[in-house]
Amino acid sequence: MNVDLDCLGLLCPLPVIKLAKTLPTVAVGDTVTVLADDPAAATDIPAWCRMRSQDLVSAGENRYVVRRVS
């Protein structure tokens with residue numbers, strides 16, 4: 001299952017905060033697709049995934065797919 005998270009127009013750190021609140025609501029192995037056009041999201045979301053040991057499946061064009069690992 002995938003959950004879409006629309007963060008377009010939101011500035012840092014809101015996309016990461018919304019991702020952090022949403023990820024625990026999906027099952028391990030499921031994904032959250034974050035739509036974020038804040039330039040900081042390009043560094044913040046991958047960094048958050050590394051710090052939280054979650055899997056960044058893809059990133060680009062204001063779209064980030066994160067798989068819940070644990």
*Asks:* Within the structure provided, determine whether Gln54 and Arg68 are in side-chain contact (heavy-atom separation under 4.5 Å).
*Replies:* yes
*Asks:* Determine yes or no for a side-chain-to-main-chain donor-acceptor pair under 3.5 angstrom, with Asp30 supplying the side chain and Met1 the backbone.
*Replies:*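 Side chain of Asp30 to backbone of Met1, a donor-acceptor pair under 3.5 Å: yes, one is there.
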*Asks:* Check whether any side-chain N or O of Thr22 sits under 3.5 Å from a backbone N or O of Leu19 as a donor-acceptor pair, and report yes or no.
*Replies:*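 Absent.
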*Asks:* Are Leu23 and Trp48 side-chain neighbours, meaning at least one heavy-atom pair lies under 4.5 Å?
*Replies:* yes
*Asks:* With a 4.5 Å cut-off on side-chain heavy atoms, are Asn62 and Leu35 touching?
*Replies:*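 With C-beta onward as the side chain, the pair stays apart.
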*Asks:* Considering only distance and modelled atom types, tabulate donor-acceptor pairs under 3.5 Å from the side chains of residues 3-16, sequence neighbours left out.
*Replies:*
{"residue": "Asp4", "atom": "OD1", "partner": "Asn2", "partner atom": "ND2", "Å": "2.9"}
{"residue": "Asp6", "atom": "OD1", "partner": "Leu8", "partner atom": "N", "Å": "3.0"}

*Asks:* Is any side-chain heavy atom of Ile45 less than 4.5 Å from a side-chain heavy atom of Val34?
*Replies:*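 Answer yes - side chains close enough.
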*Asks:* Would you check if Val66 and Val57 make a side-chain contact, meaning some heavy-atom pair closer than 4.5 Å?
*Replies:*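 SC-SC contact between Val66 and Val57 ruled out.
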*Asks:* Ala41 and Tyr64: which non-hydrogen atoms are nearest, and at how many Å?
*Replies:* C-OH, 3.7 Å
